[in-house]
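Report on one structure; see the data block that follows.
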Amino acid sequence: MSSISKKHIDFSIIIPTFNRRGFLKLSLFSALRQKNVSVEVIVSDDGSTDDTESVVKAFGDKRIRYYKNKQRLGTSMNFQKCFFLASGDYIFTLGDDDFILEDHALFDILNVMKKYKVGIGKIGSITYEDSPMNPYLALIQSDSLLVLKPKTTKCILTRSVDFGLGFFSGLIFNNRFLDKKMLKLDHVCHPNHMCPVERTTAYDLIQNYGMAYIPNHFIVARLSLQLIPRYFHIAKSGWFFMEKPITLTKKFIGGPEYENFKKVYLRRQLVLLPNIKYFSDIQNYMDVLQRMIHIDKTLLVDPAFILWALAGFLPKFIIRILRSAKIYYSKRELRKKLNKYKYFEKINVFSNYL
């Protein structure tokens, strides 16, 4: 597509994509409607076989930079490619089936990133399965700005666990501080694997420059039920999703702080255990439990681990009932919270793309 002018760019919004033309329209619309900031939108098409290219070109916006890979790179490596293409002061990550709710989000994010000079920023997310009009979960850390700086925050990487770095969309990387060589240290990844290529880079930025959670702004994210089983399944994904963040942390910290990180990180994952069983099988579930204990043997005497692990051995139909009940009550509570943020008013702007 047409190249953008060489003017100063505040944000590179990176969108790796593959065969999601319909959802991509929504992502692009939300990116291009951002106010009071200069943006480039980098779309890296991993060899789509649908009419993704036509969809992108139909926007006719010179801020879009479209690239199509001649050979499949896979999700992780395609994501990594976007990083190397980004030329803005900050890199904003956006999934091709997710979108930015507010049109002034990047302007507010820019002010925070500039003021506190942090390496990483993060905003909250609202997830749905079928329709953004029917969300069922919100990952909202706080209604207040949270800033962690390395000189004033003890065990900063452990504190970063609660910021949801593993969720792709809504991360902001300070491109001026970014050491892109760190991206290549993460992994050697098969095209079908889902490796978190951003982890090493994120940890490096947090350790050296700190991070911030910017409140009252959200990514609206589609939860792909096709993706979840592969994510949870060790053999299908090619890696254990709980293990990679811990392994990478060892590049930056050691001793008691590293042991503390392991404990905190693994215990944040315990609530996932019944879902891991529900979306995979008993053999994979046993493999997950064994890998967790291998990482941290103190789990064997942790009452919370034992409780959640036993819950995973319930028959799937019971887990399904419990999961449905949890989603039902979560939706009721969530609706109150979203009314506070005027979510249902804001979502109407996207009606032509939903």
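The figures here come from the full heavy-atom set of this structure, side chains too, leaving out hydrogens, waters and symmetry mates.
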Under 4.0 Å between a side-chain nitrogen and a carboxylate oxygen: does that hold for [X] and [Y]?
X	Y	value
Glu129	Arg323	yes
Asp103	Lys346	no
Glu40	Arg63	no

Please find the pair of heavy atoms, one from [X] and one from [Y], that lie closest to each other, and give the distance.
X	Y	answer
Lys277	Lys316	O-CE, 3.1 Å
Arg320	Tyr278	NE-OH, 3.4 Å
Lys262	Ile295	NZ-O, 2.9 Å

Determine whether the aromatic ring centres of [X] and [Y] lie less than 6.0 Å apart.
X	Y	answer
Tyr258	Phe252	no
Phe350	Phe29	yes
Tyr341	Phe218	yes
Tyr231	Phe279	no

For a 4.5 angstrom cut-off between non-hydrogen side-chain atoms, does [X] reach [Y]?
X	Y	answer
Lys35	Leu106	no
Val112	Lys115	no
Lys57	Phe59	no

Quiz item: How are the rings of Tyr265 and Phe261 set relative to one another: parallel (under 30°), tilted (30 to 60°) or perpendicular (over 60°)?
Solution: parallel

Exercise. Could you tell me how the ring of Tyr90 sits relative to the ring of Phe11: parallel (under 30°), tilted (30 to 60°) or perpendicular (over 60°)?
Key: tilted

Quiz item: Between the main-chain N or O of Arg20 and the side-chain N or O of Asp96, is there a donor-acceptor pair closer than 3.5 Å?
Solution: no

Quiz prompt | Backbone of Val41 reached by a side-chain donor or acceptor of Arg65 within 3.5 Å | solution = no

Self-check item: Nearest-0.5 Å distance, NZ of residue Lys68 to OG1 of residue Thr17
Solution: 10.5 Å

Practice problem: Enter the distance from Ile219:CD1 to Lys122:NZ here, rounded to the nearest 0.5 Å. | Solution: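 Going from CD1 on Ile219 over to NZ on Lys122, the span is 7.5 Å.
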
Quiz item: Checking side-chain contact (heavy atoms from CB on, under 4.5 Å) against Ser30, which of Val349, Leu94, Asp98 comes through?
Solution: Leu94

Self-check item: Stepwise side-chain contact (heavy atoms from CB on, under 4.5 Å) check, Ile123 with Ile214
Solution: CA-CA 5 Å; Ile123 61 175; Ile214 298 102; 4.1 Å; yes

